[in-house]
2 protein chains.
Amino acid sequence: MADINDIIRKLTGKGMKVTPQRVAVYEALSTNYHPTAEEIYRKVQEKLPGLSFTTVYNILDVLVAKDLAHRVKTETDIMRYDAVTDHHHHLYCTSSDRVEDYFDPELDEILRNYFENKHPNGFIISDIKLQLMGQFNLPKDDIIN
Amino acid sequence: MADINDIIRKLTGKGMKVTPQRVAVYEALSTNYHPTAEEIYRKVQEKLPGLSFTTVYNILDVLVAKDLAHRVKTETDIMRYDAVTDHHHHLYCTSSDRVEDYFDPELDEILRNYFENKHPNGFIISDIKLQLMGQFNLPKDDIIN
DNA sequence: ATATTTGATTGTAATAATTACAATTTATAA
DNA sequence: TTATAAATTGTAATTATTACAATCAAATAT
């Protein structure tokens with residue numbers, strides 16, 4: 001899952017040089033939940049004390065460019081990152097900055113059919129993402145850290 | 001549409017004091033397309049040269065709090081604001097920061113039915129918004145590889 | 001109409017997140 | 001092993017946003 005060799009395979013598969021910083025950032029991204037750049041920085045610093053904040057931003061940028069990570073942003077919160085790049089939707093908690101992934105192939109099928117040959121405002125749709133706003137009825141502790 | 005009296009009515013209707021700054025900011029918000037705070041600031045300054053940037057932020061905050069405006073944010077762009085507060089979706093251009101509103105009551109009905117009594121991850125849904133990613137009929141040589 | 005009060009606006013300065021850039025170091029391919 | 005192209009680092013700059021105290025104005029009471 002967050003196996004080092006798997007990470008190395010993913011980086012090289014995208015033509016990226018493998019560095020300790022990149023491996024560690026990608027690992028922190030995969031094992032934490034929608035972390036911010038700062039959360040990743042703090043996490044990775046435990047292993048690589050010399051790590052620069054700039055490097056974290058650089059690596060996140062290239063991961064996003066290579067589609068190994070996505071950016072996640074709410075209306076109020078700062079930028080967060082997501083190593084889950086398979087198609088999915090998001091549940092946004094309206095009373096906190098918590099964001100959860102949501103997979104629903106059945107719904108995707110419905111949406112795909114609905115938008116087949118549909119071009120609102122002459123728009124060519126390449127992806128459909130849902131933002132489900134609401135509340136989690138069970139209080140749950142933070143996953144990060 | 002962007003009639004001054006209409007704006008005054010909206011502000012007072014939300015229990016807000018009516019000031020020239022508020023009227024002008026709301027007007028700029030209504031007649032422009034998902035403007036940033038800075039775009040609003042520059043626009044309003046033409047009429048009110050003494051305007052402070054802080055005031056623009058203050059007013060936008062209170063408009064959002066009173067549900068007279070919404071925040072709109074893409075994954076890369078800075079904060080934008082939207083005076084259209086009726087339920088709608090967004091078309092996000094993947095090759096620019098352009099965002100357009102999209103209304104589709106038929107689709108809303110389908111989604112409402114689909115999520116009736118559905119609580120993914122114990123989540124109580126209060127609103128469903130679509131992000132349609134794609135391109136606005138772009139000429140071929142504008143597409144980046 | 002005038003005074004009072006409550007809230008809005010302003011200017012400055014601070015903060016937070018992110019980016020620019022030049023120097024240094026490192027991973028990889030020859 | 002060496003060359004080189006790319007990655008990392010540290011610093012400084014930039015950008016967006018917020019904090020805050022002083023001033024000012026709109027609504028309300030007198």
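Hydrogens, waters and symmetry mates are skipped; everything else that's a heavy atom, side chains included, is used. These numbers were taken from a predicted model, which means no experiment stands behind them. Below, chains carry the letters A, B, ... as their sequence lines are ordered, and counting in each starts from 1.
Between A:His89 and A:Asp101, the side chains place no donor N or O within less than 3.5 Å of an acceptor N or O (distance only, hydrogens not considered). With no hydrogens or angles considered, a side-chain donor-acceptor pair links B:Tyr114 and A:Asp104 at under 3.5 Å. Using modelled atom types, one finds a donor on one side chain and an acceptor on the other under 3.5 Å when comparing A:Gln135 with A:Thr94.
With respect to the salt-bridge test (charged N to carboxylate O, under 4.0 angstrom), the residues A:Glu39 and A:Lys43 do not qualify.
In this structure, B:Gln21 reaches the C:dT10 phosphate: one of its side-chain N or O atoms is under 4.0 Å from OP1 or OP2. Between A:Arg22 and C:dA27 there is no side-chain polar atom (N or O) within less than 4.0 angstrom of OP1 or OP2.
As a whole-Å value, the separation of B:Lys66 NZ from C:dG7 P is 11 Å. For the pair B:Glu38 CD and D:dT14 C1', the computed distance is 13 Å after rounding to whole Å. Here D:dA16 presents its C1' atom at 13 Å from CZ of B:Arg71, a figure rounded to the nearest Å. The separation between A:Tyr41 atom OH and C:dA17 atom C1' is 14 Å, rounded to whole Å. In this entry the distance linking CG of A:Leu48 with P of C:dT25 reads 17 Å, nearest Å.
B:Arg71 has its side chain out of reach of B:Arg80: every pair of non-hydrogen atoms, C-beta onward, lies at least 4.5 Å apart. When side chains are defined from C-beta on, A:Met133 does not count as touching B:Ile128, because their heavy atoms never get closer than 4.5 Å. Looking only at side-chain heavy atoms (C-beta outward), A:Val62 and A:Lys66 come within less than 4.5 Å of each other.
Aromatic ring centroids of A:His34 and A:His90 lie under 6.0 Å apart.
Near DNA chain C, defined here as any heavy-atom distance below 4.0 Å, the residues from residues 51-63 of chain B are B:Leu51, B:Ser52, B:Thr54, B:Thr55, B:Asn58, B:Ile59, listed numerically.
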Any protein N or O atoms within reach of nucleotides 2-5 of chain C? Criterion: under 3.5 Å, listing atom names and distances.
none

